[in-house]
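Quick caveat, the model's predicted, so the values are computed rather than measured. First listed ligand is number 1; within each ligand, the first listed atom is number 1. Any value given below was found using the heavy atoms of this structure, including those in side chains, with hydrogens, waters and symmetry copies removed.
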Amino acid sequence: MYDTENIFAKILRGEIPCTKLLEDEHSLAFADINAQAPVHALVIPKGAYVDMNDFTRNASDQEIASLMRCAARVAHDLGADESGYRIIANTGGDANPEVPHLHIHILGGRNLGAMLPG
Ligand code: AMP
């Protein structure tokens with residue numbers, strides 16, 4: 001069940017500000033408010049999808065293509081495409097997502113080290 005009061009739904013409705021980086025018909029990219037690396041952006045679908053499972057089962061091909069293209073475009077625009085970057089989409093309980101609206105993290109701008117701590 002999608003929670004229409006989650007923080008990214010509020011950003012999409014314009015009720016909460018964001019530092020917008022890129023937008024198209026289906027997707028919005030903005031800066032993460034608590035950056036974990038010199039480059040830390042989030043890309044979200046404009047549609048109401050809880051996570052990657054919901055999105056890949058229910059979104060249109062156009063929405064899916066938009067999200068992936070926006071992610072790569074933002075990495076390029078922020079100068080991380082040549083040096084390298086990591087994309088993460090926390091999905092489901094073991095991944096501990098905080099916000100129940102699908103978001104892809106784009107992290108880069110420094111060597112990110114091992115994929116998982118420890
Ligand atoms: P996750 O743990 O994968 O659900 O990541 C949620 C991310 O959303 C975290 O990196 C937060 O810093 C980020 N975040 C939460 N609220 C906002 C906001 N208002 N604007 C931008 N990023 C946010």
Side-chain angles (χ1 to χ4, degrees):
M1 183 78 108
Y2 182 82
D3 171 13
T4 58
E5 293 307 306
N6 78 75
I7 200 150
F8 294 166
K10 291 180 180 178
I11 285 175
L12 285 166
R13 291 196 296 267
E15 296 168 9
I16 289 179
C18 70
T19 302
K20 189 185 294 187
L21 300 171
L22 187 67
E23 182 174 17
D24 73 6
E25 182 184 354
H26 297 297
S27 307
L28 173 69
F30 52 95
D32 194 293
I33 204 167
N34 184 24
Q36 303 295 311
V39 169
H40 191 172
L42 300 171
V43 185
I44 66 172
K46 290 184 176 177
Y49 301 104
V50 174
D51 60 16
M52 192 62 96
N53 292 333
D54 184 17
F55 188 62
T56 53
R57 286 174 191 147
N58 299 309
S60 67
D61 290 351
Q62 289 80 6
E63 288 173 295
I64 293 169
S66 162
L67 195 78
M68 298 312 293
R69 290 206 169 98
C70 276
R73 176 63 190 272
V74 165
H76 170 79
D77 290 352
L78 296 177
D81 56 342
E82 299 220 340
S83 51
Y85 61 95
R86 183 171 293 161
I87 64 175
I88 296 173
N90 290 314
T91 295
D94 281 353
N96 297 299
E98 285 174 22
V99 181
H101 180 113
L102 172 62
H103 46 286
I104 294 181
H105 296 259
I106 300 162
L107 293 149
R110 65 168 167 81
N111 189 309
L112 297 169
M115 191 163 71
L116 294 174

Counting from 1, what ligand 1 atoms have a heavy atom of Ala31 closer than 4.0 Å? 21 (C)
Ligand 1 atoms in contact with Phe30 (distance to a heavy atom under 4.0 Å): 21 (C)
Quick check: does any side chain N or O of Lys46 sit under 3.5 Å from a backbone N or O of Glu63, one acting as donor and the other as acceptor? no
Can you tell me the protein heavy atom closest to atom 1 (P) of ligand 1 and the distance? His103 NE2, 3.1 Å
With rounding to the nearest 0.5 Å, note down the distance linking CD1 in Ile33 to OG1 in Thr19. 8.0 Å
Can you list the ligand 1 atoms lying under 4.0 Å from a non-hydrogen atom of Pro97? 4 (O)
Taking side chain as C-beta onward, heavy atoms only, is Leu22 less than 4.5 Å from Asp24? no
Determine whether any heavy atom of His105 lies closer than 4.0 Å to an atom of ligand 1. yes
His101 side chain to Pro45 main-chain N or O, any donor-acceptor pair under 3.5 Å? yes
Consider ligand 1: state whether an atom of it lies below 4.0 angstrom from any non-hydrogen atom of Ala95. no
Any Leu67 side-chain heavy atom under 4.5 Å of Val43 side chain: yes
Is any side-chain heavy atom of His40 closer than 4.5 Å to a side-chain heavy atom of Ile106? no
Compare all side-chain heavy atoms of Leu42 with those of Phe8 and state whether any distance is below 4.5 angstrom. yes
Report the member of Ile33, Ile104, Ile7 with the shortest heavy-atom distance to atom 21 (C) of ligand 1. Ile33
Numbered in order shown, the ligand 1 atoms found under 4.0 Å of a heavy atom of Asp32 are 7 (C), 8 (O), 9 (C), 10 (O), 11 (C), 12 (O), 13 (C), 22 (N)
Just verifying a value: how many Å separate Ile7 CD1 and Glu98 CD, rounded to the nearest 0.5 Å? 10.0 Å
Among protein heavy atoms, which lies nearest atom 4 (O) of ligand 1, and at what distance? Glu98 N, 2.6 Å
Validation row: Asp54, Leu102 side chains within 4.5 angstrom (heavy atoms): no
Report, in ascending order of atom number, the atoms of ligand 1 lying under 4.0 Å from any heavy atom of Asn34. 12 (O)
To which protein heavy atom is atom 8 (O) of ligand 1 closest, and what is the distance rounded to 0.1 Å? Phe8 CZ, 3.4 Å
Does an N or O from His40, backbone or side chain, lie closer than 3.5 Å to an N or O of ligand 1? no
Determine whether the side chain, the backbone, both or neither of Leu42 has a heavy atom under 4.0 Å from any heavy atom of ligand 1. side chain
